[in-house]
Amino acid sequence: MGHFFELLGWVGSFCFLFSYYNLIKGEWNANQPVYHWYNIAGSALFVANASYYAAWAVLFINLAWGIIACFGLYKSLKR
């Protein structure tokens, strides 16, 4: 079971890096839903990973990151 949660953490890392890379590269901007969806996915995967490993600081920061990304998604869809 630990390998599954380890994989979730790696996929979450990829989601964060992929979204940030596309933002910096200029392919995406912070007003596009896809940018926020990748951040929400990365956050959710890290929260699952952190829950399994009882890494509370990691869980907290990723939960906060996900909430902020949800707000960003809401704002981008509202436009």
Side-chain angles (χ1 to χ4, degrees):
M1 193 64 150
H3 286 75
F4 174 73
F5 284 97
E6 188 69 23
L7 178 63
L8 292 182
W10 282 105
V11 174
S13 295
F14 173 79
C15 288
F16 284 151
L17 290 173
F18 187 70
S19 68
Y20 189 61
Y21 172 76
N22 280 297
L23 179 71
I24 296 303
K25 193 174 164 190
E27 297 290 324
W28 296 350
N29 67 58
N31 296 319
Q32 290 179 285
V34 67
Y35 174 72
H36 300 295
W37 278 118
Y38 268 87
N39 279 288
I40 291 166
S43 172
L45 293 169
F46 264 119
V47 165
N49 174 277
S51 295
Y52 180 78
Y53 290 109
W56 306 121
V58 174
L59 188 143
F60 170 77
I61 194 66
N62 282 288
L63 186 60
W65 190 279
I67 291 168
I68 293 167
C70 286
F71 179 68
L73 177 63
Y74 169 76
K75 284 185 64 175
S76 70
L77 292 174
K78 194 174 165 185
R79 291 181 191 185

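For the single chain, residues carry numbers from 1 onward in sequence order. Reckoned from all heavy atoms, side chains included, excluding hydrogens, waters and symmetry mates. This structure is a prediction, so every number in the text was calculated from the model and none was measured.
One hydrophobic cluster, built from ILVMFWY side chains closer than 4.5 Å, cannot hold both Ile68 and Leu63; they sit in different ones. No path of Ile, Leu, Val, Met, Phe, Trp and Tyr side chains, each step under 4.5 Å between heavy atoms, connects Phe60 with Val47, placing them in separate hydrophobic clusters. At a threshold of 4.5 Å between side-chain heavy atoms, the hydrophobic network of Ile, Leu, Val, Met, Phe, Trp and Tyr places Ile40 and Tyr38 in two separate groups. Hydrophobic clustering of Ile, Leu, Val, Met, Phe, Trp and Tyr side chains at less than 4.5 Å, counting indirect connections, keeps Ile61 apart from Trp56. Both Val34 and Tyr20 belong to a single network of hydrophobic side chains, linked directly or stepwise wherever heavy atoms of I, L, V, M, F, W or Y lie under 4.5 Å apart.
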Exercise. For Asn22 and Phe18, what are the C-alpha separation, side-chain angles and deciding distance, and is it a side chain to side chain contact (heavy atoms under 4.5 Å, CB included)?
Worked result: CA-CA 6 Å; Asn22 280 297; Phe18 187 70; 3.3 Å; yes
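Residues satisfying the side-chain contact (heavy atoms from CB on, under 4.5 Å) criterion with Ser13, sequence neighbours excluded, are Phe46. Applying the side-chain contact (heavy atoms from CB on, under 4.5 Å) rule to Tyr52 yields the partners Met1, Phe5; only residues at least two apart in sequence or on another chain are considered.
Gly12 approaches Leu45 most closely through the heavy-atom pair N-CD1, 3.7 Å. Nearest heavy atom pair, residue Gln32 against residue Glu27, reads OE1-O, 3.8 Å.
We find the CG-CZ distance between Asn49 and Phe4 to be 10.5 Å, quoted to the nearest 0.5 Å. In this structure, CG on Asn39 lies 6.0 Å from CH2 on Trp65, to the nearest 0.5 angstrom. Summarising the geometry, atom CG belonging to Leu73 is positioned 11.5 Å from atom CG belonging to Asn31; distances are rounded to the nearest 0.5 Å. Distance check: Ile24 CD1 to Leu17 CG gives 11.5 Å after rounding to the nearest 0.5 Å.
For His36 (side chain) and Ala30 (main-chain N/O), a donor-acceptor pair under 3.5 Å exists by modelled atom type.
Crowding of Tyr53 atom OH: a count of heavy atoms from other residues, nucleotides or ligands under 6.0 Å exceeding 12.
Between Phe16 and Asn62 the shortest side-chain heavy-atom distance falls below 4.5 Å.
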